[in-house]
Amino acid sequence: MRLAQKRVYMKLMMRLLLLPLLPIPTNQGEMMNAKHAGATSTKMHIPGNILKAAVAYQVPRSIPATVGPTLVCRLSTTKKRANRDQPFYVTFQELSHSPGCIATITMNNPRANTFDQQSLDALNDAVSEAEANKRVRGLVLESAVAGFFSGGFNLSVFQQITDAEFTRLWAVSKAIFRRIHALPVPSVAAINGHALGLGFVFAMACQFRYMVRSDAQGSGGKKLVGLNEVTVGLPIPEWLVLRFRDLTTPRTAEDLLATGAMLSASSAHGSGLVDRLFSSSAEMHTAIVADLSRRAMVPHEAQKQTIALLRSDYLSRFDACNERDNRFFWDAVSSTSTQQAIEGALAKLKARK
């Protein structure tokens with residue numbers, strides 16, 4: 001390219017970067033009028049080869065976020081599920097320093113991301129979408145509801161529930177947990193607030209749990225996490241006891257699960273239930289993208305096979321207790337004492353509103 005042409009090319013690139021992308025004539029040698037915000041028009045002769053390059057160039061929709069000294073990710077605009085008004089949606093972030101993307105499942109079901117059959121089916125569909133994308137190199141489970149990762153089951157679903165209705169509800173809940181845990185890529189639960197009951201169960205399905213500290217500025221006060229099912233008469237199922245033990249210790253599991261104790265962010269971190277604490281949601285999400293980006297630079301197939309081997313023992317134990325767990329939990333839910341406890345818990349929640 002001759003020097004004069006290079007100068008024209010550089011001027012054109014500066015205009016494209018500083019102004020919105022303007023319509024450019026496609027006929028070679030044609031004159032281009034550049035108009036913006038009432039500015040006086042200017043005319044430039046664009047050689048054909050430079051014009052072709054300019055038309056091919058697209059101004060980015062947004063400035064990429066830097067997530068580390070060398071790692072940059074861009075949000076994909078070509079792959080989304082529904083829209084952000086949906087109770088659950090999936091977005092994919094393209095990785096710039098390695099092939100693949102990060103899948104983020106966002107829970108957006110105010111007031112507390114609680115679950116009934118419909119919302120569980122929607123979350124299961126979201127997991128299916130992330131699972132089906134073979135370019136995914138990491139999964140994030142997050143909440144768009146301020147102060148709540150998830151409040152767990154909507155307890156009213158257990159009132160007057162039939163055996164068949166419970167079997168379907170419980171089967172989908174367990175399927176979501178198993179599918180997240182079985183994904184052959186690293187996964188992170190981004191806990192921005194309370195994570196109770198089934199909400200924390202889904203966080204436990206992930207490989208890592210990151211959380212905003214309770215004392216963080218603007219965090220809205222104390223955040224609690226844990227499995228409190230026993231307080232409404234529901235025992236902790238076998239497969240969940242096993243996972244809780246793996247994350248903590250047998251003694252810690254016995255102390256916390258048998259009493260339905262809820263933990264602050266710092267206590268959960270000390271017990272091993274939470275891996276990292278952050279001063280803000282923004283700091284947490286920056287760290288998640290950076291960590292998953294670094295993991296994505298490890299050869300995918302070798303990492304995938306190793307993760308599958310590491311999780312195979314637990315998943316075998318999960319599958320082995322599946323059928324007896326269904327009957328065990330149905331007997332507990334349908335018992336008179338549990339129904340009375342659920343009714344009392346719902347009355348307390350109603351009184352707080």
Side-chain angles (χ1 to χ4, degrees), residues 75-76 79-93 101-133 136 138-157 169-170 172-183 185-212 219-220 223-229 240 262 265 268 273-275 278 280-282 284-285 287-289 292 349:
L75 179 65
S76 168
K79 185 76 171 175
K80 289 187 179 181
R81 178 182 184 272
N83 59 62
R84 295 174 187 271
D85 294 326
Q86 296 295 315
F88 301 92
Y89 58 86
V90 185
T91 53
F92 296 89
Q93 265 184 317
C101 60
I102 296 173
T104 299
I105 298 175
T106 303
M107 300 181 289
N108 186 27
N109 189 26
R111 295 172 40 190
N113 283 331
T114 55
F115 294 102
D116 55 17
Q117 186 65 65
Q118 183 177 3
S119 57
L120 284 170
D121 287 340
L123 178 56
N124 197 38
D125 288 344
V127 175
S128 294
E129 184 175 354
E131 194 177 50
N133 189 332
V136 168
L139 174 74
V140 182
L141 181 62
E142 67 172 16
S143 166
V145 178
F148 268 95
F149 179 76
S150 171
F153 271 123
N154 181 340
L155 288 177
S156 63
V157 302
L169 182 80
W170 194 230
V172 175
S173 302
K174 292 195 296 183
I176 293 170
F177 175 92
R178 193 192 189 287
R179 294 172 75 185
I180 292 175
H181 192 64
L183 282 173
V185 296
S187 53
V188 183
I191 303 174
N192 64 314
H194 299 300
L196 314 176
L198 187 64
F200 195 61
V201 170
F202 292 150
M204 290 171 60
C206 296
Q207 184 178 2
F208 303 105
R209 281 146 301 285
Y210 291 2
M211 188 172 180
V212 177
S219 67
K223 298 174 174 61
L224 298 175
V225 301
L227 304 178
N228 59 343
E229 282 81 352
L240 195 50
M262 304 303 296
L273 290 172
V274 169
D275 298 286
F278 299 89
S280 69
S281 291
M284 176 174 66
H285 283 282
I288 289 173
V289 174
L292 292 180
L349 288 173

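Aromatic ring orientation, F115 versus F202: perpendicular (interplanar angle above 60°, classes split at 30° and 60°). The aromatic rings of H181 and F177 sit parallel to each other, their planes meeting at less than 30°, with 60° as the upper class boundary.
No side-chain donor-acceptor contact under 3.5 Å links D275 to the backbone of Y210. Panel note: side chain H194, backbone L224; a donor-acceptor pair is recorded below 3.5 Å. When atom types are taken as modelled, the side chain of S281 and the backbone of N192 share no donor-acceptor pair closer than 3.5 angstrom. A donor-acceptor contact shorter than 3.5 Å links the side chain of N109 to the backbone of T114.
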Go through the steps to decide whether H285 and V289 satisfy the test side chain to side chain contact (heavy atoms under 4.5 Å, CB included), and finish with yes or no. CA-CA 6 Å; H285 283 282; V289 174; 5.6 Å; no
Evaluate M107 against F149 for side chain to side chain contact (heavy atoms under 4.5 Å, CB included), listing each step before the verdict. CA-CA 8 Å; M107 300 181 289; F149 179 76; 3.7 Å; yes
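Judged as a ring-ring contact (aromatic ring centres under 6.0 Å, His included), and not counting sequence neighbours, F200 has no contacts. Residues forming a side chain to side chain contact (heavy atoms under 4.5 Å, CB included) with S187 (at least two apart in sequence, or on another chain): L139, C206, Q207.
Using modelled atom types, one finds a donor on one side chain and an acceptor on the other under 3.5 Å when comparing S119 with D116. Side-chain contact annotation: S156 with N154, donor-acceptor N/O pair under 3.5 Å present. Judged purely by distance below 3.5 Å, without hydrogens or angles, the side chains of D121 and Q117 pair a donor atom with an acceptor atom.
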